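Please read the structure below before turning to the comments.
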Amino acid sequence: MNKAEAIQITNDSLQANVLNDGNTQFSQVVRYGNDEGWWLNIPLTNFRKENHFLICSEKAKIIRHLMIKANNILSPATKFRVKDGIADIFISAGNPKRLTDVLQGGSKYSFNKHLVDEHRY
């Protein structure tokens, strides 16, 4: 699975061309220490516009579509670990129902309220 395929599956499921290469980030499950999960790297300026995230699990054959609306997360620098103006987020796949940033230095922000849908493939 790659970003273009995930965007196509999601747009087909939504029956609209909402997602594109410019407004969507894609992440596959990767190992991080003793955990596995998804990395999201969001420039702080991007929190001022609508962002879509497709987090994919090849093992479960599922794509989770997250959307953060413009200005929905106020003061993101206080909620996430930030490096060089980019929010560095790691969502553990160990408990995919939680969709919580687990990195040290963050506020354990939950992305559950940003879940739009889950697409099986």
Side-chain angles (χ1 to χ4, degrees):
M1 175 69 52
N2 63 37
K3 182 178 180 179
E5 292 169 330
I7 287 173
Q8 184 66 50
I9 289 168
T10 303
N11 280 337
D12 288 350
S13 182
L14 294 171
Q15 298 181 344
N17 286 321
V18 176
L19 282 69
N20 58 56
D21 194 53
N23 71 358
T24 306
Q25 281 191 33
F26 174 77
S27 183
Q28 291 264 25
V29 173
V30 295
R31 179 155 287 297
Y32 175 63
N34 294 328
D35 202 355
E36 288 185 328
W38 302 277
W39 282 104
L40 301 178
N41 302 107
I42 311 169
L44 294 178
T45 56
N46 281 17
F47 285 97
R48 292 186 215 130
K49 63 182 184 177
E50 186 173 285
N51 289 277
H52 295 270
F53 304 92
L54 299 178
I55 57 177
C56 178
S57 172
E58 288 278 349
K59 194 183 329 180
K61 299 290 186 207
I62 193 166
I63 301 166
R64 289 179 179 83
H65 175 196
L66 307 172
M67 179 185 60
I68 301 174
K69 293 183 180 177
N71 300 311
N72 192 253
I73 299 176
L74 301 176
S75 303
T78 65
K79 299 211 179 0
F80 307 109
R81 181 175 79 172
V82 176
K83 183 178 180 186
D84 298 326
I86 297 176
D88 202 22
I89 298 162
F90 184 79
I91 299 172
S92 177
N95 187 351
K97 297 253 186 253
R98 288 189 54 213
L99 297 176
T100 301
D101 176 28
V102 297
L103 286 181
Q104 292 289 330
S107 65
K108 307 294 183 213
Y109 187 85
S110 173
F111 286 87
N112 278 326
K113 62 184 161 223
H114 303 292
L115 181 65
V116 174
D117 206 352
E118 295 181 345
H119 311 283
R120 299 211 174 264
Y121 62 95

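We use all heavy atoms of the structure for the numbers below, so side chains are in, but hydrogens, waters and symmetry mates are not. In this text, all values refer to a predicted model and were calculated from it rather than measured experimentally.
Judged purely by distance below 3.5 Å, without hydrogens or angles, the side chains of Asn23 and Asn51 never pair a donor atom with an acceptor atom.
Arg98 approaches Asn112 most closely through the heavy-atom pair O-ND2, 2.9 Å. Closest approach of Thr78 and Ser75 over heavy atoms only: OG1-O, 2.7 Å. Here the closest heavy-atom approach between residue Arg120 and residue Ala60 is recorded as NH1-O, 3.6 Å. The heavy-atom pair separating Val18 from Asn11 by the smallest distance is N-OD1, 3.1 Å. Nearest heavy-atom pair across His65 and His119 is CB-NE2, 3.9 Å. Annotation for Asp21 and Ile7: closest pair N-CD1, 4.0 Å, computed over non-hydrogen atoms.
Within a 6.0 Å sphere centred on CG of Asn71, other residues, nucleotides and ligands contribute more than 12 heavy atoms.
When hydrophobic clusters are built by joining Ile, Leu, Val, Met, Phe, Trp and Tyr residues whose side-chain heavy atoms come closer than 4.5 Å, directly or via intermediates, Ile73 is not grouped with Val116. Both Phe53 and Tyr109 sit in one connected hydrophobic cluster of ILVMFWY residues. Membership requires side-chain heavy atoms under 4.5 Å apart, directly or through other members. Residues Leu66 and Ile63 are members of separate hydrophobic clusters, defined by side-chain heavy-atom contacts under 4.5 angstrom among Ile, Leu, Val, Met, Phe, Trp and Tyr. Hydrophobic clustering, with ILVMFWY side chains joined whenever heavy atoms are under 4.5 angstrom apart, groups Phe111 together with Leu44. Grouping the Ile, Leu, Val, Met, Phe, Trp and Tyr side chains by contacts below 4.5 angstrom, directly or via other members, places Ile42 apart from Leu103.
Under the side-chain contact (heavy atoms from CB on, under 4.5 Å) test applied with Ile62, the options Lys59, Arg64, Glu58 reduce to a single match, Arg64.
Note that SG of Cys56 and CG of Asn2 are 9.5 Å apart. Values are rounded to the nearest 0.5 Å. Note that CG of Asn46 and CD1 of Ile68 are 10.0 Å apart. Values are rounded to the nearest 0.5 Å. To the nearest 0.5 Å, atom NE2 of residue His52 and atom NZ of residue Lys69 are 10.0 Å apart. Summarising the geometry, atom CG belonging to Leu54 is positioned 10.5 Å from atom CD belonging to Gln28; distances are rounded to the nearest 0.5 Å.
A donor-acceptor distance shorter than 3.5 angstrom exists from the side chain of Thr24 to the backbone of Asn20, with no hydrogens or angles considered.
Taking the six-membered ring for Trp and thresholds of 30 and 60 degrees, Phe80 and Phe47 have nearly parallel ring planes, at less than 30 degrees apart. Ring geometry for Phe90 versus Tyr32: interplanar angle of 30 to 60°, hence tilted.
Between Trp38 and Gln25 there is no side-chain heavy-atom pair separated by less than 4.5 Å. No side-chain heavy atom of Thr10 sits under 4.5 Å from any side-chain heavy atom of Tyr121. Side-chain contact between Ile55 and Leu40: present, with at least one pair of heavy atoms (C-beta onward) separated by less than 4.5 Å. For the pair His114 and Met67, the minimum side-chain heavy-atom distance is 4.5 Å or more.
Legend: ring pair (Phe, Tyr, Trp, His ring centres under 6.0 Å) pairs involving residues 2-31, not counting sequence neighbours: none detected.
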Under the side-chain contact (heavy atoms from CB on, under 4.5 Å) criterion, do Asn41 and Ile89 qualify, and how do the steps go? CA-CA 6 Å; Asn41 302 107; Ile89 298 162; over 6 Å; no

